[in-house]
**Q** 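A single structure is presented below for examination.
Naming: A, B, ... by sequence-line order, numbering from 1 per chain.
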Number of protein chains: 2
Amino acid sequence: MKNLLLQNISKHVSLTSEEEDIIFNAFEKASFKAKTIVIKPGDEAHFTYFVLKGILRSYTIDDNGTIHILSFATPGWWVADMYSYLTGKPAVLYVDVMEDCDVLILQRCDAERLFTEVPKLERFFRILTENNLIANQQRILDKMALTAEERYEKFLQKYPDIINCLPQKYIASFIGVTPEFFSKMKSNLLRKK
Amino acid sequence: MKNLLLQNISKHVSLTSEEEDIIFNAFEKASFKAKTIVIKPGDEAHFTYFVLKGILRSYTIDDNGTIHILSFATPGWWVADMYSYLTGKPAVLYVDVMEDCDVLILQRCDAERLFTEVPKLERFFRILTENNLIANQQRILDKMALTAEERYEKFLQKYPDIINCLPQKYIASFIGVTPEFFSKMKSNLLRKK
DNA sequence: ATTGGCTGTTAATCTATATTAAGAAATAAA
DNA sequence: TTTATTTCTTAATATAGATTAACAGCCAAT
């Protein structure tokens, strides 16, 4: 029986069952309680998580103490401090747990070993990273070209499922406005319709 | 003698001279005059450029007609409509020529053929995309957490060379402010010091 | 039941940045 | 050189969104 990880990988490359074993064995399993900070700036976070259950988020805290959310990770998604994971330098982000979670952990050094052993996995990560890059480019342009309202509507379309299990101030942080303004904006939207 | 492209690739993977030939032959060469629009939204832009000479930029135009610059590409850099290149769908960006340029063109289908033929090239593009992703993530956070002034100072540090050969309104567009505000901001910075 | 801590709302005020406009300076074209 | 076009600056005004503050609702812990 295929687990979520292999199911996920097989969306982009097809693996033999030996390859599946090799890959799966490179991951370690872990569980964390809600509110656990699993990565913080300065950590040597040379690994990435694949989420099996629960929700995590990655974010920074600026000089005023304001949180800016970079990403949410629900089951089937990856989350890491990409900077630390890819460069081997200390982390720049926080990653914490919003709902009790189970994750699979892949160390960078194991990933690199696997890339040579199973080139199809390197292909998978290339495609994953490519898709991630496109999404991030679009987000940059959206932040420059769209109003908060328009960004919110895009968010609704893109993540309709995640909305109800998420305090709305987190959505505000993700789209880049304060919770107060977000609240006002939402009631404006309701009044309009 | 190695050209700029092979030099660039060899920063991340080492190629035999046969591999170098295979790769180099997959590219087509082209030259464009300044102001040429080489990609526009709707185009089937299933290729990427490697810049040998000159400067290009990628951008969108919003409903008000305002330009938002996503990237500049100088010699040694890549530029494409990543969305069209990677998904095979119509382009969403403009790419145009800021200074007469020579580029090498790689079609997506040739890239995919090469990835199988020369796995090291797939590795190179994986790494390239990874680095690009990190930079884009940081840019998202910078736009949310930093003031325009701070973003400008980061830009100065990151691209000190490109600044003098670039109309400053393009820098304004890249960091996400109007040229008028950018001008004011710059004179404020001077007064401070 | 009561306390305390999150979360969401509303409203007043404030600020960074946008918009509009008009002239100056620089570049390119003729 | 003169003209035209693009770029830069300055200043007045406008606005999207931030800040501050006060309160209400909700849920978990005591």
**Q** Write down the distance between CD1 (Ile67(B)) and C1' (dT7(D)), rounded to a whole number of angstrom.
**A** 14 Å
**Q** Whole Å only: how far is the CG atom of Leu166(A) from the P atom of dC6(C)?
**A** 17 Å
**Q** Take atom CZ of Phe181(B) and atom C1' of dT15(C), then tell me their distance rounded to the nearest Å.
**A** 10 Å
**Q** Just N and O in the side chain of Ser183(B): are any of them under 4.0 Å from OP1 or OP2 of dC8(D)?
**A** no
**Q** Is there a donor in the side chain of Thr129(B) and an acceptor in the side chain of Thr129(A), or the other way round, less than 3.5 Å apart?
**A** no
**Q** Give the rounded distance in Å between these two atoms: CG of Asn188(B) and C1' of dA11(D).
**A** 13 Å
**Q** Just how far, in rounded Å, is P of dA28(D) from NZ of Lys35(A)?
**A** 11 Å
**Q** Less than 6.0 Å separating the ring centroids of Phe47(B) and Tyr49(B)?
**A** yes
**Q** Which is true for Glu180(A) with a 4.0 Å heavy-atom rule: it touches a base, it touches only sugar-phosphate, or it touches nothing?
**A** base
**Q** Hey, is Lys184(A) close enough to Glu180(A) for a salt bridge, meaning N to O under 4.0 Å?
**A** no
**Q** Quick check on dT17(C): is either OP1 or OP2 less than 4.0 Å from any side-chain nitrogen or oxygen of Arg151(B)?
**A** yes
**Q** Starting at NZ of Lys186(A) and ending at C1' of dG8(C), how long is that distance when rounded to a whole Å?
**A** 8 Å
**Q** Rounded to whole angstrom units, what separation is found between the CD1 atom of Ile171(B) and the C1' atom of dC8(D)?
**A** 13 Å
**Q** Name the residue closer to the 5' end of DNA chain D, choosing between Met185(A) and Gln168(B) according to the nucleotide with the nearest heavy atom.
**A** Gln168(B)
**Q** Between dG17(D), dC8(D), dT7(C), spot the one nearest the side chain of Lys169(A), thanks.
**A** dT7(C)
**Q** Tell me: OH of Tyr170(B) to P of dT6(D), nearest whole Å?
**A** 10 Å
**Q** Would you call the rings of Phe174(B) and Tyr159(B) parallel, tilted or perpendicular, where under 30° means parallel and over 60° means perpendicular?
**A** perpendicular
